[in-house]
Amino acid sequence: MTWGLRLAFSDVHGIGEAEAERIEGAQPYSSLLDFWERSRPGRPVAERLAQVGALDEFGANRRDLLLHIAELHRAQRGSVSRGGHGGHGGQLPLDGGRRTASVGLPDFNEAERLSAELGVLGMDASRHLMADHHVFLGELGAIPAKRLREAEHGATVLVAGAKAATQTPPIRSGRRVIFTTLDDGTGLVDLAFFDDSHEACAHTVFHSWLLLVRGVVQRRGPRSLSVVGSAAWNLADLIELRRTGGLDAVAERLAAVGAQVGGDGGDGGDGGDGGDGGDGGDGGGDVDADASGARAGGGRRIRMSTGYEMNAWADLRPAGGGAAPTRKLWHQSPGSAG
């Protein structure tokens with residue numbers, strides 16, 4: 001038995017509801033030509049379906065299929081310009097009955113397939129994005145999420161992954177805390193960045209998709225574990241540095257950032273309330289805009305109707321371009337504007 005992942009047409013970037021219904025309603029298709037003539041897809045949608053493997057059953061490889069789609073589109077435009085009805089205007093090369101013939105172009109390699117999935121679907125469907133980086137992370141001594149529970153409370157660790165969620169909810173102390181979840185392909189890592197780490201970490205956390213983080217393990221129970229971050233790097237930059245300068249250059253970059261963890265880690269006890277506070281944060285109308293706010297730590301605080309306080313800058317991220325679009329994960333959370 002072969003297992004597979006079935007995705008919705010709505011996951012395809014740029015597809016309209018009417019187009020998706022037309023493609024679904026005309027199934028099954030006997031060939032690429034049959035698909036083109038009866039479902040009448042736009043060329044961009046047809047190409048995106050081919051790029052992510054939705055048309056593999058029609059034969060040839062994905063690059064060959066893209067060429068055939070281009071030829072079908074050209075023939076269709078030529079027919080319309082001659083006053084025809086938009087037919088295919090010629091016979092599509094077939095092989096073995098109704099299967100599209102191979103043109104001889106090289107198929108997508110694994111990296112190209114993953115890139116197509118991320119671009120068309122917004123997710124890595126065939127294999128995990130981090131799979132290519134596990135060897136490099138092993139060289140750095142980063143701990144996989146599945147082994148993080150073996151780490152002792154208070155241990156300093158390196159963790160990495162694709163950013164799945166970022167939130168800055170109000171918490172009781174009123175301090176700004178950034179909560180982030182990373183997915184490294186073996187599991188999830190929950191991170192908290194407190195006030196004293198923001199100058200060094202906030203910009204990287206908000207504006208990078210792939211992250212490497214140094215932090216301290218915090219345990220609050222048998223099944224409750226997080227990492228309090230003290231330093232963060234854009235993993236994509238480190239990967240490029242590894243390619244051009246070698247592992248020594250990467251080690252030098254990591255060593256340039258101190259390993260100190262802020263003394264505010266004790267506030268991690270509020271982290272468990274962060275999720276609850278996030279619910280309060282969704283009710284933007286409940287914020288007392290006229291409240292002067294407490295001045296714990298010297299900063300202005302906004303008091304919520306729920307009793308929580310929030311740093312006035314909690315929903316703002318540092319200036320600069322945003323991170324690359326994140327994948328569609330079941331646990332993904334947009335969090336606040338930060």
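These numbers were taken from a predicted model, which means no experiment stands behind them.
Side-chain atoms of D34 come within 3.5 Å of backbone N or O of S30 as a donor-acceptor pair. Although no hydrogens or angles enter the test, the distance criterion places no donor-acceptor pair under 3.5 Å between the side chain of Q218 and the main chain of L225. For the pair R38 (side chain) and P28 (backbone), a donor-acceptor distance under 3.5 Å is present. Proximity of a side-chain donor or acceptor of R176 to a complementary backbone N or O of T168 within less than 3.5 Å is not detected. S208 places a side-chain N or O within 3.5 Å of a backbone atom of T204 that can act as its donor or acceptor partner.
Distance OG/S197 to CD1/I178: 6.5 Å, rounded to 0.5 Å. For the atom pair CG (L210) and CG (L235), the distance works out to 5.5 Å, reported to the nearest 0.5 Å. The SG atom of C201 sits 8.0 Å away from the CH2 atom of W233 when rounded to the nearest 0.5 Å. Between the CE atom in M130 and the CG atom in D132 there is a gap of 9.5 Å [rounded to 0.5 Å]. Of the inter-residue distances, the one linking R242 atom CZ with E139 atom CD reads 4.5 Å to the nearest 0.5 angstrom. For the atom pair CG (L140) and CG (L238), the distance works out to 7.0 Å, reported to the nearest 0.5 Å.
The shortest side-chain heavy-atom distance between W36 and I69 falls under the 4.5 Å cut-off. Counting heavy atoms from C-beta outward, V157 and V227 have side chains that approach closer than 4.5 Å. With a 4.5 Å cut-off on side-chain heavy atoms, Q51 and E112 do not count as touching. Between L49 and V45 the shortest side-chain heavy-atom distance falls below 4.5 Å. Proximity of L211 to N234: side-chain heavy atoms (C-beta onward) are nowhere separated by under 4.5 Å. The shortest side-chain heavy-atom distance between E71 and H68 does not fall under the 4.5 Å cut-off. L55 has its side chain within reach of F35: a pair of non-hydrogen atoms, C-beta onward, lies under 4.5 Å apart. In this structure the side chain of E19 never reaches within 4.5 angstrom of the side chain of F9, judged on heavy atoms.
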### Task
Report the C-alpha separation of L137 and L158 in whole Å, then their side-chain angles, then the decisive distance to 0.1 Å, and conclude whether the side chain to side chain contact (heavy atoms under 4.5 Å, CB included) test is met.
CA-CA 9 Å; L137 294 176; L158 281 175; over 6 Å; no

### Steps toward side chain to side chain contact (heavy atoms under 4.5 Å, CB included) verdict (R214, T156)
CA-CA 7 Å; R214 178 190 293 141; T156 299; 3.9 Å; yes

### Task
Evaluate the criterion side chain to side chain contact (heavy atoms under 4.5 Å, CB included) for residue pair T180 and F193; output intermediate values, then yes/no.
CA-CA 8 Å; T180 300; F193 296 88; 4.2 Å; yes

### Task
Output, in order, the C-alpha distance, side-chain angles, deciding distance and verdict of side chain to side chain contact (heavy atoms under 4.5 Å, CB included) for L191 and F179.
CA-CA 6 Å; L191 296 157; F179 294 102; over 6 Å; no

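Taking a cutoff of 4.0 Å between a charged side-chain nitrogen and a carboxylate oxygen, D56 and R62 qualify as a salt bridge. E110 and R113 are not joined by a salt bridge, as no carboxylate oxygen comes within less than 4.0 angstrom of a charged side-chain nitrogen. Under 4.0 Å is where a charged nitrogen must lie from a carboxylate oxygen, and between K163 and D183 no such pair does.
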Solution key, residues 248-256 side-chain donor-acceptor pairs under 3.5 Å, sequence neighbours excluded:
none

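Partners of E24 according to the salt bridge (charged side-chain N to carboxylate O under 4.0 Å, His left out) rule, which considers only residues two or more places apart in sequence or in another chain, do not exist here. Taking the side-chain hydrogen bond (donor to acceptor under 3.5 Å, both in side chains) definition, one finds that E21 meets it with nothing, sequence neighbours left out. Residues forming a side-chain hydrogen bond (donor to acceptor under 3.5 Å, both in side chains) with S39 (at least two apart in sequence, or on another chain): none. For R243, the side-chain hydrogen bond (donor to acceptor under 3.5 Å, both in side chains) partners are E240, not counting sequence neighbours.
Within 6.0 Å of the CD atom in E199, the count of heavy atoms belonging to other residues, nucleotides or ligands does not exceed 12.
Hydrophobic cluster membership of V135, counting Ile, Leu, Val, Met, Phe, Trp and Tyr whose side-chain heavy atoms lie under 4.5 Å apart directly or via other members: none, as it forms a cluster of its own.
Scanning all heavy atoms of the two residues, the minimum distance from L182 to A160 falls at CD1-C, 3.9 Å. The two atoms that bring A192 and V177 nearest to each other are CB-CG1, 4.4 Å, heavy atoms only. Looking at every heavy atom in both residues, V213 comes nearest to A232 through CG2-CB, 4.2 Å. In terms of heavy atoms, R63 sits closest to F108 at NH2-CD1, 3.5 Å.
Using cut-offs of 30° and 60° for the angle between ring planes, the F58 and Y29 rings count as perpendicular.
Between T186 and the options L188, V189, D184, a side-chain contact (heavy atoms from CB on, under 4.5 Å) holds for only D184.
L66 is not connected to L32 by any chain of hydrophobic side-chain contacts under 4.5 Å among Ile, Leu, Val, Met, Phe, Trp and Tyr, and they are in different clusters.
Checked by atom type, the side-chain pair R219/S226 shows no donor-acceptor distance below 3.5 Å.
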